[in-house]
Amino acid sequence: MISYIRGKLAAIEDTKIVVDVGGVGYGIFMPGRVMARLPQAGTEVTIHTFLNVKEDSMQLFGFLSRDDLAVFKQVITVSGIGPKGGLSILSQLSADDLRFAVLSNDVKAISASQGIGKKTAEKLILELKDRLHLEDALNHAQEEMDAGDLSAAGDIQQDAAAALTALGYGSTEALKAVRRVSVTPDSKVEDVLKQALKYMI
């Protein structure tokens, strides 16, 4: 298993990149959303990878963060979704957006991915609902806070998201808006809700 590759970004192609490691160029398939965040060619990069081995080929799939890679590995455990399907989903949605979509049963957001139909999206939600956690997404947004405050922040954000949903907003959109609000130990649900509403307009 190749856990990561560190080297010079030699080229950025349509669906993959080439990383030069000691004179050897590794072709790595990546989500389009992630490729858009890459630095210029010639820069040193670290790509977290998954090696897919088939009878007639070996392919590397890569991500800029271990979290994206971990979610990708969860997605491809779903029957009917291979690495290319997982790549398509994570080109459409970030790891956290996918968590939101799964936990809020947002079939439409997932099926917007190329090659992923409604039935496949429903199956993904069913199989991953107990394995993808909203707390992980909220924790990423509040990494600078200590563990005690983080739990409280997560509760406040979840309450604010629930309030937005009750007001008629979509669950995924509500969670994404709440996530954009900066939460402190002194924040109240009402404060977060007011700020999140600005992102819903």
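Counting begins at 1 with the first residue of the sequence.
- The list of ring-ring contact (aromatic ring centres under 6.0 Å, His included) pairs with a residue in residues 2-35, not counting sequence neighbours, reads Phe29-Phe61.
- Among residues two or more places apart in sequence or in another chain, the side chain to side chain contact (heavy atoms under 4.5 Å, CB included) test is passed with Ile12 by Leu9, Ile17, Met35, Leu38.
- Rounded to the nearest 0.5 Å, atoms CD (Glu13) and OG1 (Thr15) are 7.5 Å apart.
- Among residue pairs with one or both ends in residues 162-172, none qualify as salt bridge (charged side-chain N to carboxylate O under 4.0 Å, His left out); sequence neighbours excluded.
- Partners of Ser187 by side-chain hydrogen bond (donor to acceptor under 3.5 Å, both in side chains), not counting sequence neighbours, listed by chain and number: Thr184.
- Here salt bridge (charged side-chain N to carboxylate O under 4.0 Å, His left out) pairs that include residues 25-37, with residues two or more places apart or in two chains, are Arg33-Asp68.
- Contacts of Ser88 classified as side-chain hydrogen bond (donor to acceptor under 3.5 Å, both in side chains), with partners at least two apart in sequence or in another chain: none.
- Legend: ring-ring contact (aromatic ring centres under 6.0 Å, His included) pairs involving residues 176-196, not counting sequence neighbours: none detected.
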All N/O donor-acceptor pairs, side-chain side in residues 44-58, below 3.5 Å, sequence neighbours left out:
unit_1	atom_1	unit_2	atom_2	d
Thr46	OG1	Arg6	NE	3.1
Thr49	OG1	Ile2	O	2.5

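- Qualifying side-chain hydrogen bond (donor to acceptor under 3.5 Å, both in side chains) partners for Lys73, counting only residues two or more places apart in sequence or in other chains: none.
- Residues meeting the side-chain hydrogen bond (donor to acceptor under 3.5 Å, both in side chains) test with Asp20, sequence neighbours left out: none.
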Determine all donor-acceptor pairs shorter than 3.5 Å in which one atom belongs to a side chain in residues 107-115; sequence neighbours excluded.
unit_1	atom_1	unit_2	atom_2	d
Ser111	OG	Val107	O	2.9
Ser111	OG	Lys108	O	3.3
Ser113	OG	Ile110	O	2.9

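- Between Gln59 and Pro83 there is no side-chain heavy-atom pair separated by less than 4.5 Å.
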